[in-house]
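Order of listing sets the numbers, starting from 1, for every ligand and every atom in it.
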Amino acid sequence: MAATALVLCGQASRNTARADAPRKLEMGAEARIDALLSQMTLEEKIGQLTQQFGGRHQDANPDVAGGVREDLLGAIRAGRIGSVLGAHGAEYTNAIQRAAVEESRLRIPLILGNDVIHGYRTVFPIPLGEAASWDCDLVERTARMAAVEARAAGTHWTFAPMVDITRDPRWGRIAEGSGEDPFLGSAMAAARVRGFQGTSIAAPDAVLACVKHYVAYGGAESGRDYNTVDCSEQRLRELYLPPFHAAVRAGCGSLMSAFNDLNGVPASANRFTLDRILRQEWGFDGFVVSDWNSIGELVQHGYAADAKDAAEKALLAGVDMDMSSFAYREHLSELVEQGSVPESAIDRSVRRVLRAKFALGLFDNPYADPKVEAKVTLCDAHRQLARESAARSMVLLKNEGGLLPLKKDVGSLAVIGPLADNQRDPLGTWAGIGRWEDVVTVLAGIQAAVAEGTRVQHVPGCEIDAEIDGGIDAAVEAARQAEVAVLVIGESESMSGEARCRTTLDLPAAQERLLQAVHATGKPVVVVLLNGRPLSIRWAAEHVPAILEAWHPGVECGHAVADVLFGNVNPGGKLPVTFPRAVGQVPICYNQKNTGRPPSDDRFTSKYLDLPTTPLFPFGHGLSYTTFEFRNLTITPGEIGPAGAVEVSVEVVNTGDRSGDEVVQLYVRDPVARVTRPVRELKGFRRISLKPGEMQRVTFALGPEHLGFYDEHMEYVVEPGAFHIWVGPGSEGGLEGAFIVSDPGAAQPRP
Ligand code: BGC
């Protein structure tokens with residue numbers, strides 16, 4: 001309200017790398033690093049900043065243990081490689097590590113990195129799916145188990161969590177992140193870092209986390225991967241940066257610089273984001289690796305004249321390690337000799353890399369133990385968690401007439417669709433070393449769940465993106481003979497992920513035709529969606545009584561889907577991202593600005609001629625087999641200073657006849673501010689479980705970190721005036737309240 005505001009949360013609060021970050025060095029490691037640095041040649045130093053792909057290769061030398069390529073081993077022995085990516089398995093990684101630890105001059109161990117994004121061999125739901133659980137504890141546990149398997153197989157470092165916020169489901173990499181919201185995304189980012197790194201990064205089952213892709217990669221224009229991002233600093237700070245900051249606060253030991261151009265300076269040479277924000281404001285003391293060849297690509301961006309120029313720009317901006325472009329290996333020594341790059345800059349980066357190696361305990365324990373690997377890989381406990389996490393990630397989008405849950409002793413079921421008996425696609429994108437033969441299909445899950453007398457007939461009906469001769473007729477016939485038709489449709493794993501963008505969000509045409517034909521039989525239809533992004537399933541949403549969003553759920557797909565379809569698990573997931581009615585609404589999100597002409601019946605307002613502006617399913621939406629009532633909202637006190645906090649409290653009651661989960665969501669709006677604010681912003685959530693008739697009071701604290709924004713000078717401020725809040729089961733509706741932030745004169749800055 002007032003024209004003046006108190007500046008809060010300046011340098012001190014931004015510089016919040018956690019003091020108890022789990023990567024503290026053992027005593028004496030700094031001295032050992034000094035000693036190593038003093039012995040290293042410039043070439044060996046640059047080797048520590050070089051990462052090379054080291055997966056098995058066709059021309060692998062069969063005489064070498066594990067079939068490692070001879071040229072790779074030679075470079076490792078010569079000290080020209082500090083890190084290898086793409087190497088898997090205890091025996092194979094040990095063969096590589098041996099070349100460094102036993103055959104190189106200084107015996108510095110390699111740090112072996114891989115993309116362990118949502119599981120290693122035990123594949124959990126894609127991250128977008130896990131975010132739909134709104135369950136940080138669950139997400140921490142799956143990351144922990146992924147770390148246990150990966151480390152046992154020789155991986156020390158995961159290129160995860162991927163925390164890119166996006167409002168554009170055309171972008172295939174939406175599957176790898178936590179959706180559209182920076183608050184939810186931050187909570188998920190921190191949970192994953194905690195899970196990967198465990199309580200101590202020195203533990204033999206921890207992996208170093210690498211938060212990526214820094215930064216604003218999810219803002220790619222047109223939803224086209226690798227495309228340019230041009231955004232205000234305010235959007236950068238409020239939308240894209242928070243999950244990175246949350247990961248850094250949680251002690252994340254490394255960070256990956258992105259491919260994209262950001263406001264004219266590519267992210268992998270961007271001093272503003274890599275140095276000013278990351279190092280100076282946040283105090284990040286881990287190391288930065290480039291994305292794959294993103295240093296080399298500075299040339300294509302038109303930001304560097306050649307690879308040598310690119311190496312200079314990236315290193316001086318703060319990228320410590322070069323993933324695969326070899327610009328550092330080829331050019332840094334010449335750049336040092338000619339005085340363009342000071343050797344001290346190289347030393348600083350080498351120190352950061354060596355610190356991580358010491359912190360991980362690699363100098364003392366560089367090898368993986370094949371016995372541990374055999375014991376933990378895809379073990380029962382991991383499969384059990386995969387089933388639990390998949391079921392908790394599912395979102396019940398629609399359930400007209402209580403069609404779900406199905407009775408286990410239903411007389412007959414037709415299980416239809418190209419994804420019903422499909423073992424490959426449920427793994428989703430970046431599925432580690434997951435194998436399709438490990439996957440339980442939806443059909444198998446249903447067959448295992450139904451009562452003995454139930455007849456289950458399966459017909460694929462079509463392929464994922466093509467008709468099958470007679471496929472639809474067979475599916476229609478199967479539906480006619482069944483009491484209920486379950487259609488398992490959506491996207492293949494190769495339709496989302498890196499470089500997998502789409503210009504439509506519709507179901508592939510063959511599947512849409514199949515769905516409409518089966519629906520026309522008049523039999524009750526349940527749609528189970530397996531997909532990596534929001535889909536514009538407008539026809540289905542209007543006509544089909546029950547829709548379950550299962551994402552790409554991982555190895556335990558079929559068991560988890562059956563758990564939910566038959567009511568062993570009551571679905572409690574909520575959308576972490578808006579589902580549009582059509583691709584033309586994209587970018588679409590709940591936390592938009594109001595505009596000067598919010599949509600109304602008036603012609604000259606912000607809307608479309610052919611569709612409403614509202615989404616098909618909003619952010620935060622998700623149903624349950626039971627019902628909940630929210631009541632007795634209280635906000636205390638009713639007035640605070642800008643540095644103060646209010647307590648928001650609500651009672652939630654299970655008013656139905658089954659136990660179930662509700663995600664209690666708290667949204668805030670600052671209705672008048674000197675920089676306009678979104679119509680709503682998520683600032684708290686909690687997933688709770690209630691028995692029938694049970695009531696729980698849920699309380700949130702709302703303080704300056706929730707109420708402020710970055711003003712036109714990029715100062716974080718809490719402005720006096722009225723604040724509106726909503727507490728409810730989604731981003732629309734909810735119980736409404738307000739409180740006042742009083743005049744700044746009365747307030748004290750946060751410590
Ligand atoms: C991706 C990264 C990944 C890297 C290594 C790149 O293409 O953008 O997310 O970590 O490859 O596999």
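From the protein, the heavy atom lying nearest to atom 7 (O) of ligand 1 is Glu498 OE1, 2.8 Å. Here the heavy atom of the protein found nearest to atom 10 (O) of ligand 1 is Asp115 OD1, 2.6 Å.
Under the 4.5 Å side-chain criterion, counting only non-hydrogen atoms from C-beta, Val319 is not in contact with Val289. Between Val215 and Asn270, every side-chain heavy-atom pair lies at or beyond the 4.5 Å cut-off.
Set against the non-hydrogen atoms of Lys212, the atoms of ligand 1 under 4.0 Å away are 2 (C), 3 (C), 9 (O), 10 (O). Close contacts between ligand 1 and Arg173 involve ligand atoms 1 (C), 2 (C), 8 (O), 9 (O) [criterion: under 4.0 Å to a heavy atom]. Of all the atoms in ligand 1, the ones that sit under 4.0 Å from a non-hydrogen atom of Phe159 are 10 (O).
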| message | Quick one, Tyr120 with His88, criterion ring-ring contact (aromatic ring centres under 6.0 Å, His included). Give me CA distance, side-chain angles, the key distance, then yes/no. | response | CA-CA 10 Å; Tyr120 191 66; His88 297 277; 5.7 Å; yes

| said: Let's go through Trp430 and His118 carefully: what are the C-alpha distance in whole Å and the side-chain angles of both, what is the deciding distance for ring-ring contact (aromatic ring centres under 6.0 Å, His included) to 0.1 Å, and is it a yes or a no? | reply: CA-CA 8 Å; Trp430 284 120; His118 54 112; 9.6 Å; no

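Judged by the 6.0 Å distance and 45° axis criteria, Arg144 is not positioned over the aromatic ring of Phe196. A cation-pi arrangement is absent between Lys212 and Trp292, since the terminal nitrogen or guanidinium carbon is not both under 6.0 Å from the aromatic centre and inside a 45° cone about the axis. Remark: Lys313 is positioned above the aromatic ring of Tyr303, its terminal NZ or CZ atom under 6.0 angstrom from the ring centre and at most 45 degrees off the axis.
Distances from ligand 1 to the non-hydrogen atoms of Met162 include no value under 4.0 Å.
Considering backbone and side-chain atoms alike, Glu176 places every N or O at 3.5 Å or more from each N or O of ligand 1.
Relative to atom 4 (C) of ligand 1, the option among Asn293, Asn114, Asp291 with the closest non-hydrogen atom is Asp291.
Here Trp430 has side-chain heavy atoms under 4.0 Å from ligand 1, and that is the only part of it that gets that close. Only the side chain of His213 comes within contact range of ligand 1, with a heavy atom under 4.0 Å; no backbone atom does.
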